[in-house]
Undergrad: 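To start, I am sharing the structure in question, which I have written as structure tokens.
This is a predicted model, so every value here is computed, not measured. Hydrogens, waters and symmetry mates are skipped; everything else that's a heavy atom, side chains included, is used.
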Amino acid sequence: MPELPEVETVVRSLRPGLTGRTILGVRVGRKKLRVPWIGVWTRAVVNQRIASVNRRGKWIIIELDTGALLGHLGMTGQLTVEAGDNKRCPHTHLIFDLGDEHRMRFRDERRFGSFQHFPTLKELNVYLDARLGPEPFGLDPSYWRAALSGSKRPIKALLLDQSVIAGVGNIYADESLYAARVHPAALTHRLTATQSTALRKSVEKVLTHAIERRGSSIRNYLDGTGERGGYQNEFKAYGRTGEPCRRCRVAIERVRLAGRSSHYCPQCQRTD
């Protein structure tokens with residue numbers, strides 16, 4: 001699933017080609033997305049100018065002159081701006097006509113992604129604020145420490161909880177825990193103040209670096225112009241089961257936590 005760095009990369013690559021354009025029409029595929037597109041949304045967005053393109057957690061926010069579009073890439077979603085005469089790829093479920101022979105296209109093979117319209121930005125923010133915690137950049141230390149001490153879950157589970165911290169998924173949770181030398185199964189309320197601080201800083205550092213590398217392309221992730229990311233070439237833990245740790249050379253191991261695979265170094269990330 002595309003996580004914060006991938007979504008941020010998509011937003012940055014889309015912004016120049018979308019901002020200021022007007023949506024002239026919407027074409028909807030036959031198969032429904034996780035949130036089915038409805039006709040009233042088409043009528044609401046046609047002839048609306050795109051004012052800005054932003055991100056909140058793993059969500060894409062396309063603000064219009066009136067209202068906004070909220071998109072989620074799900075597990076396999078791709079959102080691109082292309083020339084109108086480009087061949088329509090399989091699994092394309094939404095096409096927004098932008099005029100000037102350009103289209104914004106949303107593809108999603110597994111159809112776990114979605115796009116929906118909100119009449120006002122206030123309603124959209126209420127919707128997101130009810131689901132998402134703060135962004136991981138400049139995270140308040142007291143908030144973070146309270147979130148850890150108030151939970152008895154494995155730290156990996158807490159990192160994946162979007163209501164605690166927005167945007168972190170399986171890849172960057174593993175990479176952040178490795179960087180902080182914290183075991184993914186360590187219970188949150190037992191982490192020391194030193195570990196808490198190290199992890200908070202590691203999350204921000206890992207995500208920032210991943211954005212600089214334009215995200216991770218390990219399956220079908222592409223940015224808004226169809227380009228692959230590069231951070232997958234720098235993984236320290238994620239997906240490296242059996243490979244030597246880049247610090248101590250002990251083999252990376254894998255354990256299942258919170259329904260997801262967690263990759264870690266048993267030497268560098270001890271539980272004791």
Undergrad: If hydrophobic clusters are built from ILVMFWY residues whose side chains come within less than 4.5 Å, do Leu222 and Leu18 share one?
TA: no

Undergrad: I'd like to know if Leu160 and Leu199 are part of one continuous hydrophobic network [Ile/Leu/Val/Met/Phe/Trp/Tyr, side-chain heavy atoms within less than 4.5 Å].
TA: no

Undergrad: With no hydrogens and no angle check, is any side-chain donor or acceptor of Arg34 less than 3.5 Å from a backbone partner on Phe112?
TA: yes

Undergrad: Just by modelled atom types, is the Ala251 backbone N or O under 3.5 Å from a matching donor or acceptor in the Glu243 side chain?
TA: no

Undergrad: If only atom types and distance count, is the side chain of Asp97 paired as donor or acceptor with the main-chain N or O of Leu24 below 3.5 Å?
TA: no

Undergrad: Just by modelled atom types, is the Ala237 backbone N or O under 3.5 Å from a matching donor or acceptor in the Glu175 side chain?
TA: yes

Undergrad: List the steps and the verdict of side-chain contact (heavy atoms from CB on, under 4.5 Å) for Gln232 and Arg213.
TA: CA-CA 9 Å; Gln232 69 276 4; Arg213 295 294 182 267; over 6 Å; no

Undergrad: Are Arg214 and Glu227 ion-paired here, with the side-chain N under 4.0 Å from a carboxylate O?
TA: no

Undergrad: Using side chain to side chain contact (heavy atoms under 4.5 Å, CB included) as the criterion, list what pairs up with Val35, not counting sequence neighbours.
TA: Trp41, Ser114, Gln116

Undergrad: I'd like a table of donor-acceptor pairs (distance under 3.5 Å, sequence neighbours excluded) in which one partner is a side-chain atom from residues 146-156, with atom names and distances.
TA:
| residue | atom | partner | partner atom | Å |
| --- | --- | --- | --- | --- |
| Ser149 | OG | Arg145 | O | 3.1 |
| Ser149 | OG | Ala146 | O | 3.3 |
| Ser151 | OG | Arg153 | N | 3.2 |
| Ser151 | OG | Arg153 | NE | 3.3 |
| Ser151 | OG | Thr188 | OG1 | 3.4 |
| Arg153 | NH1 | Asp161 | OD2 | 3.1 |
| Arg153 | NH2 | Asp161 | OD2 | 3.2 |
| Lys156 | NZ | Asn170 | OD1 | 2.7 |
| Lys156 | NZ | Asp174 | OD1 | 2.8 |
| Lys156 | NZ | Ser261 | O | 3.3 |
| Lys156 | NZ | Ser262 | OG | 2.8 |

Undergrad: Is it true that Glu82 and Arg105 have a side-chain N and a carboxylate O under 4.0 angstrom from each other?
TA: yes

Undergrad: For Thr9 and Asp223, which I'm curious about, is there any donor-acceptor pair between the side chains at under 3.5 Å?
TA: no

Undergrad: For the pair Thr197 (side chain) and Ala193 (backbone), establish whether a donor and an acceptor sit closer than 3.5 Å, ignoring hydrogens and angles.
TA: yes

Undergrad: About how many Å separate CG of Leu177 and NE2 of His263, when rounded to the nearest 0.5 Å?
TA: 12.5 Å

Undergrad: For the pair Arg131 (side chain) and Tyr127 (backbone), establish whether a donor and an acceptor sit closer than 3.5 Å, ignoring hydrogens and angles.
TA: yes

Undergrad: How far apart are the closest heavy atoms of Ala51 and Asp65, and which atoms are they?
TA: CB-OD1, 4.4 Å

Undergrad: Could you pull out all residues at least two apart from His102 that satisfy ring-ring contact (aromatic ring centres under 6.0 Å, His included)?
TA: none

Undergrad: Gln269 and Pro184: which non-hydrogen atoms are nearest, and at how many Å?
TA: NE2-CD, 4.1 Å

Undergrad: For the OH atom of Tyr221 and the CG atom of Leu73, what is their distance to the nearest 0.5 Å?
TA: 8.5 Å

Undergrad: Determine which pairs satisfy side chain to side chain donor-acceptor pair (under 3.5 Å) with at least one residue from residues 22-33, sequence neighbours left out, and list them in order.
TA: none

Undergrad: Going by an N to O cut-off under 4.0 Å, is there a salt bridge joining Arg15 and Glu63?
TA: no

Undergrad: To the nearest 0.5 Å, tell me how far Thr19 OG1 sits from Leu14 CG.
TA: 9.0 Å

Undergrad: Does the ring centre of Phe118 sit less than 6.0 Å away from the ring centre of Trp59?
TA: no

Undergrad: Looking at Ala166 and Gly57, what are the two nearest heavy atoms and their distance?
TA: CB-CA, 3.8 Å

Undergrad: I need the Ser217 OG to Glu6 CD distance, nearest 0.5 Å.
TA: 7.5 Å

Undergrad: Once you round to the nearest 0.5 Å, how far does CD1 of Ile61 lie from CG of Leu69?
TA: 11.0 Å

Undergrad: Go through the steps to decide whether Arg56 and Glu135 satisfy the test side-chain contact (heavy atoms from CB on, under 4.5 Å), and finish with yes or no.
TA: CA-CA 8 Å; Arg56 175 80 167 91; Glu135 292 285 308; 3.1 Å; yes

Undergrad: Flag yes if Leu191 and Leu158 sit in one hydrophobic cluster, no otherwise; membership is Ile, Leu, Val, Met, Phe, Trp, Tyr, and two members link when side-chain heavy atoms are under 4.5 Å apart.
TA: yes

Undergrad: Could I get the full list of salt bridge (Lys or Arg N to Asp or Glu O under 4.0 Å) partners for Arg200, not counting sequence neighbours?
TA: none

Undergrad: Any pair with a residue in residues 113-127 that passes salt bridge (Lys or Arg N to Asp or Glu O under 4.0 Å), sequence neighbours left out, goes on the list, sorted by first then second residue, please.
TA: none

Undergrad: Kindly check if the number of other-residue, nucleotide or ligand heavy atoms within 6.0 Å of CZ (Arg49) is above 12?
TA: yes

Undergrad: Using atom types as modelled and distance alone, determine if a side-chain donor or acceptor of Arg190 lies under 3.5 Å from a backbone N or O of Ala186.
TA: no

Undergrad: Where the side chain of Arg260 meets the backbone of Arg256, is there a donor-acceptor pair that is under 3.5 Å apart?
TA: no

Undergrad: Using atom types as modelled and distance alone, determine if a side-chain donor or acceptor of Trp144 lies under 3.5 Å from a backbone N or O of Ser196.
TA: yes

Undergrad: May I ask you to decide if Arg254's main-chain N or O and Thr241's side chain share a donor-acceptor pair within less than 3.5 Å?
TA: no

Undergrad: If you compare all heavy atoms of Pro90 against all heavy atoms of Arg107, which two are closest, and at what distance to 0.1 Å?
TA: O-CD, 4.3 Å

Undergrad: Salt bridge check, Glu8 against Arg55: does any charged N sit closer than 4.0 Å to a carboxylate O?
TA: yes

Undergrad: Can you check side-chain contact (heavy atoms from CB on, under 4.5 Å) on Tyr231 and Ile211, steps first, answer last?
TA: CA-CA 8 Å; Tyr231 190 73; Ile211 292 170; over 6 Å; no

Undergrad: What's the spacing between His91 NE2 and His93 NE2 if we round to 0.5 Å?
TA: 7.0 Å

Undergrad: Please work out whether the ring planes of Tyr238 and Phe235 are parallel, tilted or perpendicular, with thresholds of 30° and 60°.
TA: perpendicular

Undergrad: Between Ala179 and Val206, which heavy-atom pair has the shortest distance, and what is it?
TA: CB-CG2, 4.3 Å

Undergrad: Is Ile252 reachable from Ile218 through a run of I, L, V, M, F, W or Y residues, each pair having side-chain heavy atoms under 4.5 Å apart?
TA: no

Undergrad: Could you report the tightest heavy-atom contact between Cys248 and Cys268, atom names first, then the distance?
TA: SG-SG, 3.7 Å

Undergrad: Do Tyr264 and Tyr178 have their ring centres less than 6.0 Å from each other?
TA: no

